[in-house]
Amino acid sequence: MNMHTVIKGARAALLAIVAAGALHAQALPDGKEILAKVDAYREYAASGFAFDFTLTEAEGPRSVMRVSLDGDNREISLAKYTEPKKYARRVVLTVKNAFFIYDRGMAAPVRITPREMMFGQASAGDITRITFSGMYSVESAERKDGAIALRLRAVPDKGATYDLIDLRVDGSTYKPILAECRGSSGTAIKTIAYGSYETVRGKELLTSFRITDCATGKTSEVRLGNFSPVTLPPSSFTVEAMKYAQ
């Protein structure tokens with residue numbers, strides 16, 4: 001074996017090692033692990049917590065809700081409007097894939113369908129309650145221009161409003177960048193452009209995003225803030241208690 005052959009063989013081996021290293025560096029984490037990292041930017045505490053949800057529509061009033069999450073079950077939440085005054089008695093309860101609304105003048109809370117949650121102010125609240133790791137499975141994932149592109153499909157009976165979501169997250173931090181929420185046929189219904197992040201008591205949290213209605217082109221701006229580790233007692237997260245929420 002001459003020197004030229006030795007050098008050529010060594011070079012080939014080196015290139016193979018470099019290629020293998022690059023492939024390893026590009027390997028994606030498990031899909032569930034990625035979604036858990038994404039969800040962590042919206043989870044203030046491991047137990048129940050509460051936050052203010054401020055919605056500003058392009059053509060419409062500004063509204064504020066105080067959202068409280070059950071301490072034992074992330075699929076249960078209660079949203080109480082604090083602004084504007086005409087919505088002061090409006091309350092929305094979410095229990096897995098069931099939604100109930102109570103407003104002034106109603107004799108009792110009324111159940112609304114997941115489809116009704118897609119539209120108007122309710123849709124913004126519905127988008128906030130999305131937990132990717134709990135409601136969706138990963139059909140595909142690939143790296144694109146420094147980001148990770150995922151195709152998500154709703155898991156049956158987990159309360160997901162949208163059948164499919166195309167989610168784009170930062171390839172190194174796993175912060176969500178853009179979500180395209182789709183129906184079963186693949187038609188785009190809403191897009192969510194994720195905005196700013198803030199560190200609250202040592203934890204980095206998502207604090208703003210923009211929702212676009214694909215049918216009308218109208219946008220809504222959402223801000224999340226005033227996070228608190230204190231939530232409502234378990235007895236508050238029931239249909240019967242909605243009439244007494246203050």
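Residue numbers count from 1 along this sequence.
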When rounded to the nearest 0.5 angstrom, what distance separates NZ in K37 from CG in D170?
12.0 Å
Partners passing salt bridge (Lys or Arg N to Asp or Glu O under 4.0 Å) against D103 (at least two apart in sequence or in another chain):
R90
Euclidean distance, L55 CG relative to S63 OG, rounded to 0.5 Å
4.5 Å
Is there a path from V239 to I112 through hydrophobic residues (I, L, V, M, F, W, Y) whose side chains come within less than 4.5 Å of each other?
yes
With side chains defined as the heavy atoms from C-beta onward, is the minimum distance between L232 and L78 less than 4.5 Å?
yes
Residues that A50 engages under side-chain contact (heavy atoms from CB on, under 4.5 Å), provided they are two or more places apart:
R66, S68
From CG (L150) to CZ (R168), nearest 0.5 Å:
10.5 Å
Which heavy atom of K80 sits nearest to which heavy atom of A245, and what is that distance?
CD-CB, 3.6 Å
What are the two closest heavy atoms between I165 and A179, and how far apart are they?
CG2-CB, 4.1 Å
Quick one: closest heavy-atom pair of P29 and Y174, and the distance?
CG-OH, 3.1 Å
Can Y162 and L152 be said to form a side-chain contact (heavy atoms from CB on, under 4.5 Å), step by step?
CA-CA 10 Å; Y162 305 96; L152 310 181; over 6 Å; no
Same apolar cluster (I L V M F W Y, side chains within < 4.5 Å links), F49/V222
yes
Output all residues satisfying side-chain hydrogen bond (donor to acceptor under 3.5 Å, both in side chains) with K175, sequence neighbours left out; order by chain, then residue number.
E204
Donor-acceptor check, side chain of K203 to backbone of A40, threshold 3.5 angstrom: yes or no?
yes
With rounding to the nearest 0.5 angstrom, report the CD to CG distance, E43 to L205.
9.5 Å
Find out whether L35 and L167 are in side-chain contact, i.e. whether some heavy atom of one side chain is under 4.5 Å from a heavy atom of the other.
yes
Mind checking the CG-OH spacing from D163 to Y136? Nearest 0.5 Å is all I need.
7.5 Å
Shortest non-hydrogen separation from T187 to S185 and the atoms involved
OG1-OG, 3.0 Å
List the atom of A107, the atom of K243, and the distance in Å for their closest heavy-atom pair.
O-CD, 3.7 Å
I want to check something: taking the side chain as every heavy atom from C-beta on, are P176 and F209 in contact at a cut-off of under 4.5 Å?
no
Would you say I211 ends up clustered with Y194 if hydrophobic residues are merged whenever their side chains have heavy atoms under 4.5 Å apart, either directly or through other cluster members?
yes
Pairwise ring-ring contact (aromatic ring centres under 6.0 Å, His included) hits with a residue in residues 213-237, at least two apart:
Y44-F227, F51-F227
Taking side chain as C-beta onward, heavy atoms only, is C214 less than 4.5 Å from I189?
no
What about L69 and V200, same hydrophobic cluster or not, with Ile/Leu/Val/Met/Phe/Trp/Tyr joined at side-chain heavy-atom distances under 4.5 Å?
yes
Side chains of F53 and L224 in contact at under 4.5 Å (non-hydrogen atoms)
yes
All side-chain hydrogen bond (donor to acceptor under 3.5 Å, both in side chains) counterparts of E33, not counting sequence neighbours:
none
For K85, enumerate each residue passing the salt bridge (Lys or Arg N to Asp or Glu O under 4.0 Å) test, keeping only those at least two apart in sequence or located in another chain.
none
Would you say that more than 12 heavy atoms from the other residues, nucleotides or ligands in this model lie under 6.0 Å from the CZ of R210, or not?
no
For T212, check side-chain hydrogen bond (donor to acceptor under 3.5 Å, both in side chains) against everything at least two apart and list the hits.
none
Are there more than 12 heavy atoms of other residues, nucleotides or ligands under 6.0 Å from atom CZ of R104?
yes
Validation row: Y197, L206 side chains within 4.5 angstrom (heavy atoms):
yes
Pairs in or reaching into residues 222-241: which pass salt bridge (charged side-chain N to carboxylate O under 4.0 Å, His left out), with residues at least two apart or in two chains?
E198-R223
Heavy-atom pair of closest approach, residues S236 and A241
O-CB, 3.9 Å
Residues in salt bridge (Lys or Arg N to Asp or Glu O under 4.0 Å) with R182, at least two apart?
D166, E180
Test of understanding: with side-chain contact (heavy atoms from CB on, under 4.5 Å), list the residues that count as partners of D39, not counting sequence neighbours.
R42, T131, F132, S133
So OG of S172 and CD1 of I148: to nearest 0.5 Å the spacing works out to 8.5 Å
Who passes side-chain hydrogen bond (donor to acceptor under 3.5 Å, both in side chains) against S208, sequence neighbours left out?
S196
Between R62 and E83, does any NZ, NE, NH1 or NH2 come within less than 4.0 Å of an OD or OE carboxylate oxygen?
yes
Report the hydrophobic cluster partners of L178, with the cluster defined as I, L, V, M, F, W, Y residues connected by side-chain heavy atoms closer than 4.5 angstrom, directly or transitively.
I177
